[in-house]
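In what follows, chains are A, B, ... by sequence order, proteins preceding strands, each numbered from 1. What you are looking at is a predicted structure, and each value in this text was computed from that prediction instead of being measured.
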Amino acid sequence: MHKPELILRHKMFDRVCHWFVVATGIFTFLTGFSFFYPSFQWLGLIAGTPELARALHPIAGLLMCLPLMVMLARYYHHNKWEKGDLTWMLAIKDVMLENEDKIPPIGHYNPGQKVLFRTFVITSIVLTITGIMMWQPYFTPFFSTVSVQWAILLHAVCAVIMLIFVIVHFWMATWVEGSVAGMLYGYVSKAWCKKHHPNMLNDESHSEK
Amino acid sequence: MSDKDIAASSGLSDLNPQSRIRRTIPKIAKLFDATKCNGCKACQVACSEWNDLRAEVGTFQGSYQNPMAVSADSWTIIKFNEFVDDNKKLRWQFTHSACMHCEDPACLTACSTKGAIVQKSNGTVELNHDKCVGCGYCVSACPFGTISLNPKDSKVYKCTMCADRVQAGQEPACVKTCTTGALKFGTREDMLFIAEKRVAQLKERGYANAGLYNPKGVSGTGMVMVLHDINKPESYGLPADPKTSLPTTLWQDVVKPLGTAGILGAVAVACVHRITVGRNIVEEDDPIAYAQQHHSHPEKTDKE
Ligand code: HEM
Ligand code: HEM
Ligand code: SF4
């Protein structure tokens with residue numbers, strides 16, 4: 001069997017960053033949703049007790065959101081809107097049903113990933129700001145009760161949006177086989193690129209493998 | 001406390017309701033008559049004595065009011081509100097500031113921890129400190145600002161209406177101590193009856209706007225107040241229209257059900273897609289899996 005030609009897709013720093021975000025994210029999501037759903041308070045027992053979940057969630061949240069922002073900043077140049085993006089979006093049905101010959105070619109990231117990228121930018125910023133406003137007993141006393149009430153609402157809304165997008169992200173990452181290996185070890189095959197991100201092969205930046 | 005005494009609890013919903021109370025007893029209330037209070041603070045001292053509260057000594061803030069706000073270590077204070085009346089005369093308006101024991105408490109609605117805030121059959125709102133996680137949602141939700149988070153143990157505290165005394169058939173410590181009769185205690189019905197009489201009496205004496213503060217927005221309170229001028233509750237440091245706020249209601253009644261539907265919907269779509277569309281494999285990377293996915297049964301298809 002011939003050895004597939006490999007292309008570097010994710011640098012080591014970004015890979016470490018991503019899986020650190022996943023690890024702290026699991027803790028943040030489970031503890032966060034233990035406050036959202038009173039009947040599922042046991043989700044927070046990953047932290048030991050409900051009180052510990054309460055005390056540790058904001059810290060885990062920061063440990064998740066700050067590296068995520070670093071990663072998003074480093075991936076920004078791959079996620080700018082490009083010309084072919086609209087045609088790809090309109091062909092979303094063929095993408096989902098894997099009608100390969102009908103999928104318009106795209107570059108390093110497809111428009112779906114770009115939407116996800118933007119959602120993570122917005123939600124991570126809003127979650128951090130509102131999270132700090134809700135953080136008892138350290139920061140909440142500096143804000144009016146009305147602004148804290150809106151912060152709690154926004155924090156919950158953004159948490160739900162982020163969870164839904166992470167579910168979609170997980171679904172797509174595991175569906176498109178080879179992506180998770182790419183995020184784990186850095187490399188994807190040339191054939192993988194041809195199939196999923198054909199224009200990426202024209203990219204100068206990949207000569208650095 | 002038996003669960004038969006609990007009328008409502010935090011962290012429950014229509015799908016997961018509170019057990020029905022089997023003991024209906026008259027609701028109780030405290031009546032504070034601001035027109036009788038002389039600001040002696042006996043109630044404030046009695047509260048700290050009975051409940052063994054010792055707030056840290058603060059600093060002078062230019063007012064006789066001390067401390068300036070209720071806290072985890074001072075559950076009731078007398079507010080010294082300075083008020084200029086129509087004749088340009090300055091006077092103090094005293095408010096006995098403590099938990100109002102709302103009939104429809106915003107703190108209980110905001111609390112997402114099952115059983116941390118309960119409403120008992122006698123109408124009082126009570127905290128269970130062993131359940132409280134200290135998130136402070138109740139503190140932000142309370143329209144009266146009378147529930148406080150203690151930074152030392154991250155638990156919330158407030159006036160209990162002296163539940164321990166009331167259970168033994170006694171009045172709360174503040175009422176017991178009041179020197180002028182401005183504080184009274186009894187069934188809500190009786191307190192409203194006495195208050196109405198007092199308001200009528202005040203009107204006769206020239207206080208045309210005298211009235212009873214028993215705000216509708218929280219379906220009435222377990223501490224009702226007779227005021228000189230019911231149109232200016234702010235001059236007593238009281239909110240004009242206290243209620244469970246819009247963001248709190250949206251969060252509990254709209255975001256939670258819609259969010260749950262969205263999360264479950266996303267999971268369902270993902271699962272159905274995976275089963276129906278199947279794997280997405282690059283032939284070169286994994287020829288065997290690719291063959292199984294795409295060519296194994298050329299004449300028969302699983303997609304009927
Ligand atoms: C810098 C980031 C974050 C900070 C500082 C933060 C802080 C907080 C705080 C202070 C609370 C109130 C409970 C507590 O005190 O522990 C809270 C609740 C919550 N957090 Fe975060 N958080 C952050 C990020 C996140 C993230 C990334 C998620 C998940 C998407 C999340 C989901 C939640 C949820 C679901 C709640 C419960 C909201 C509710 O009760 O409706 N948080 N957060
Ligand atoms: C738990 C399961 C997760 C898996 C299996 C996973 C997998 C992956 C994979 C395979 C990629 C690379 C996609 C590609 O090469 O085209 C990726 C990218 C990325 N992931 Fe995850 N991920 C997970 C969770 C998360 C979480 C919780 C976050 C943060 C909220 C996150 C944020 C990102 C970001 C920002 C990118 C870059 C995408 C872009 O720039 O458009 N991931 N992930
Ligand atoms: S601080 Fe305690 S009582 Fe208040 S909302 Fe949070 S869990 Fe409930």
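- Between B:K155 and A:E51 there is a salt bridge, with a side-chain nitrogen of the basic residue lying less than 4.0 Å from a carboxylate oxygen of the acidic one.
- For B:H273 against A:W171, the heavy-atom pair with the smallest separation is ND1-NE1, 3.0 Å.
- Atoms CD1 and CG, on B:I263 and A:L163 in that order, are 4.5 Å from each other to the nearest 0.5 Å.
- For B:D153, no part lies under 4.5 angstrom from a heavy atom of chain A.
- Taking every heavy atom of both residues into account, A:F36 and B:K256 meet most closely at O-NZ, 2.7 Å.
- Your options are A:E98, A:K195, A:K194, A:M172, and the one with the most heavy-atom pairs under 4.5 Å with chain B is A:E98.
- Chain A forms the most heavy-atom pairs under 4.5 Å with one residue out of B:C142, B:G278, B:S154, and that residue is B:G278.
- Atom CD of A:E177 and atom CG of B:D286 lie 7.5 Å apart (nearest 0.5 Å).
- Only the side chain of A:H196 comes within less than 4.5 Å of a heavy atom in chain B; its backbone stays farther off.
- Enclosure of atom CD in B:E56 is not indicated, since only 12 or fewer non-hydrogen atoms of other residues, nucleotides or ligands lie within 6.0 angstrom.
- Nearest heavy atom pair, residue A:W175 against residue B:V277, reads CZ2-CG1, 3.7 Å.
- Looking at every heavy atom in both residues, A:P38 comes nearest to B:K114 through CB-N, 4.4 Å.
- Separation of atoms NE2 (A:H57) and SG (B:C135) is listed at 11.0 Å; rounding is to 0.5 Å.
- Contacts between A:T174 and chain B at a heavy-atom distance below 4.5 Å involve backbone atoms as well as side-chain atoms.
- Residue contact with chain B, scored on non-hydrogen atoms closer than 4.5 Å, is absent for A:F40.
- One side chain, A:Y37 or B:T260, offers a donor N or O that lies under 3.5 Å from an acceptor on the other.
- No part of B:S13 comes within reach of chain A, as not one of its non-hydrogen atoms sits under 4.5 angstrom from that chain.
- One distance of note links CG of B:L12 with OG of A:S39; it measures 7.5 Å at 0.5 Å rounding.
- Between the CG atom in A:L153 and the CG atom in B:L246 there is a gap of 8.0 Å [rounded to 0.5 Å].
- For the pair B:G262 and A:I164, the tightest heavy-atom approach, listed with the atom from each and the gap, is C-CD1, 3.7 Å.
- Heavy atoms of A:Q149 lying under 4.5 Å from chain B belong to its backbone as well as its side chain.
- With respect to chain A, the highest number of heavy-atom pairs below 4.5 Å among B:G259, B:A289, B:A270, B:S245 belongs to B:A270.
- Taking both residues in full, the closest heavy atoms of A:T145 and B:S140 are given as CB-O, 3.5 Å, listed atom of the first, atom of the second, then distance.
- The OG atom of B:S112 lies 9.5 Å from the CD atom of A:Q41; values are rounded to the nearest 0.5 Å.
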